[in-house]
Amino acid sequence: MRHLNLQAYQQMMSSISQLLPQEASIALSDQSQYVLYRPSGAIDLNIHPGDPLKHGSIAKQTLAAGNKVAHFVSPELFGIPYYGLGTPLYDEHNRVIGAMTLIVPPERSHLFPAIPRTEYIAGLADNRIVPVHESEIAYFSSSEGTTYLHTKTEVYKVKQTLQALEWLLPGHQFVRCHRAFLVNIGWIGEIQRHFHSTFLLLMKDELESKIPVSQKYASVFRNLLGF
């Protein structure tokens with residue numbers, strides 16, 4: 001197991017923190033656990049030195065990829081959602097020995113440069129993994145803790161929660177309309193008025209699915225589409 005030079009990286013973290021937005025928390029980890037953590041006043045994941053890296057965290061993903069990683073993380077992991085930017089840490093032989101993660105509230109993600117992301121979501125069906133392009137996705141649904149991706153003719157399970165997908169996908173294209181649904185605006189065939197100032201979306205999939213727009217999301221949805 002290769003280890004971090006804690007003193008050197010602690011000095012580095014102190015210097016870097018002066019260049020970062022004040023909202024950003026910083027976490028340093030080796031290959032298995034966090035070794036240093038400096039929370040900000042805007043967000044605190046309650047990380048402590050010695051805590052093991054959680055599967056799905058930015059630090060864990062950065063180590064697995066051996067490269068920069070940046071995206072939103074849902075609240076299931078640390079109790080609150082966050083946007084993280086992770087970068088590998090190297091030793092003098094250019095071997096990955098840890099990761100540095102910068103953490104901000106989701107609404108402050110614009111403070112960090114965007115890393116190009118894929119336009120595909122992995123759909124799971126039986127023993128198959130099917131990459132599905134965003135343009136082919138009609139909507140996502142959630143039921144009993146499982147998230148489903150719906151295309152014109154197929155339904156796949158996906159590992160992300162609706163909230164994580166809402167952050168990950170383009171906000172001008174994919175819109176939350178209900179606690180159990182996230183829809184692709186381009187796949188809406190018709191909008192029907194429903195009771196109590198809500199709506200029904202008639203989708204253009206093969207089943208002509210009807211998706212509710214709840215009161216919680218009705219005004220946002222109406223303003224977004226301008227009606």
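All values reported here derive from a predicted model rather than from experimental measurement.
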task = May I ask you to test the L165-I121 pair for a side-chain heavy-atom distance under 4.5 Å?
result = yes
ask   = CD of E23 to CD1 of I103: how many Å apart, nearest 0.5 Å?
value = 13.5 Å
inquiry  = Using every non-hydrogen atom in the two residues, find where L201 and I191 come nearest and quote the distance to one decimal.
reply    = CD2-CG1, 3.8 Å
ask   = Between CZ of R38 and CD1 of I47, what distance do you get to the nearest 0.5 Å?
value = 12.5 Å
request  = Quick one: closest heavy-atom pair of A70 and L85, and the distance?
outcome  = CB-CD1, 3.7 Å
query = From L36 CG over to I26 CD1, what is the distance, rounded to the nearest 0.5 angstrom?
reply = 10.0 Å
request  = Before giving the answer on side-chain contact (heavy atoms from CB on, under 4.5 Å), spell out for D51 and Q33 the whole-Å C-alpha distance, their side-chain angles and the decisive distance to 0.1 Å.
outcome  = CA-CA 5 Å; D51 286 352; Q33 63 183 9; over 6 Å; no
ask   = With sequence neighbours left out, what residues match T147 under side-chain hydrogen bond (donor to acceptor under 3.5 Å, both in side chains)?
value = none
ask   = Under 4.5 Å between any side-chain heavy atoms of K204 and I188, yes or no?
value = no
request  = Look at the side chain of K159 and the backbone N and O of L124, then say whether any donor-acceptor pair between them is shorter than 3.5 Å.
outcome  = no
inquiry  = Keeping K152 on the side-chain end and E136 on the backbone end, is there a donor-acceptor pair under 3.5 Å?
reply    = no
query = In terms of hydrophobic clusters joined by side-chain contacts under 4.5 Å, are I58 and Y90 together?
reply = yes
query = Under 6.0 Å from the six-membered ring centre of Y148 and within 45° of its axis: does the NZ or CZ of K157 meet both?
reply = no
inquiry  = Is there a path of hydrophobic side-chain contacts, each under 4.5 Å between heavy atoms of I/L/V/M/F/W/Y residues, joining Y82 to I80?
reply    = yes
query = In Å, rounded to the nearest 0.5 Å, how long is the span from CZ of R176 to CG of L182?
reply = 6.5 Å
inquiry  = Let's go through Y37 and N46 carefully: what are the C-alpha distance in whole Å and the side-chain angles of both, what is the deciding distance for side chain to side chain donor-acceptor pair (under 3.5 Å) to 0.1 Å, and is it a yes or a no?
reply    = CA-CA 9 Å; Y37 179 62; N46 200 29; over 6 Å; no
message = Whether the side chain of Q31 engages the backbone of V96 through a donor-acceptor N/O pair (distance < 3.5 Å, no angle test) should be reported.
response = yes
ask   = Is the backbone N or O of S135 less than 3.5 Å from a side-chain atom of W187, with the two atoms forming a donor-acceptor pair by type?
value = yes
query = Do D126 side-chain atoms and R128 backbone N/O form a donor-acceptor pair below 3.5 Å?
reply = no
message = side chain to side chain donor-acceptor pair (under 3.5 Å) for S209 and Y139? Distances and angles first, verdict last.
response = CA-CA 10 Å; S209 302; Y139 65 96; 3.1 Å; yes
remark   = Closest non-hydrogen atoms of A218 and F199, given as atom of the first, atom of the second and distance, are CB-CE1, 4.1 Å
ask   = What are the two closest heavy atoms between I129 and A122, and how far apart are they?
value = CG2-CB, 4.0 Å
query = In Å, rounded to the nearest 0.5 Å, how long is the span from CD of E208 to CD of E190?
reply = 10.0 Å
note = Heavy-atom closest pair (R179 atom, L162 atom, distance to 0.1 Å) is O-CD1, 3.5 Å
key: Nearest non-hydrogen partners of P81 and P106, listed with the distance   = O-CD, 3.6 Å
request  = Please work out whether the ring planes of F140 and F174 are parallel, tilted or perpendicular, with thresholds of 30° and 60°.
outcome  = tilted
query = Run the side-chain contact (heavy atoms from CB on, under 4.5 Å) check on T101 and S29 step by step: do they pass?
reply = CA-CA 8 Å; T101 306; S29 68; 5.8 Å; no
query = At what distance, to the nearest 0.5 angstrom, does NZ of K68 lie from OG1 of T62?
reply = 11.0 Å
task = Show your reasoning for whether side-chain contact (heavy atoms from CB on, under 4.5 Å) applies to I137 and H150.
result = CA-CA 6 Å; I137 301 170; H150 302 256; over 6 Å; no
ask   = Is a side-chain donor-acceptor pair under 3.5 Å present for Q173 with N184?
value = yes
query = By side chain to side chain contact (heavy atoms under 4.5 Å, CB included), which residues pair with S40, not counting sequence neighbours?
reply = S25, A42, I43
message = Any non-hydrogen side-chain atom of L63 less than 4.5 Å from a side-chain atom of L53?
response = yes
inquiry  = Is there a path of hydrophobic side-chain contacts, each under 4.5 Å between heavy atoms, that joins L200 and V183?
reply    = no
query = side-chain contact (heavy atoms from CB on, under 4.5 Å) between V213 and H178: does it pass, once the steps are laid out?
reply = CA-CA 6 Å; V213 179; H178 188 277; over 6 Å; no
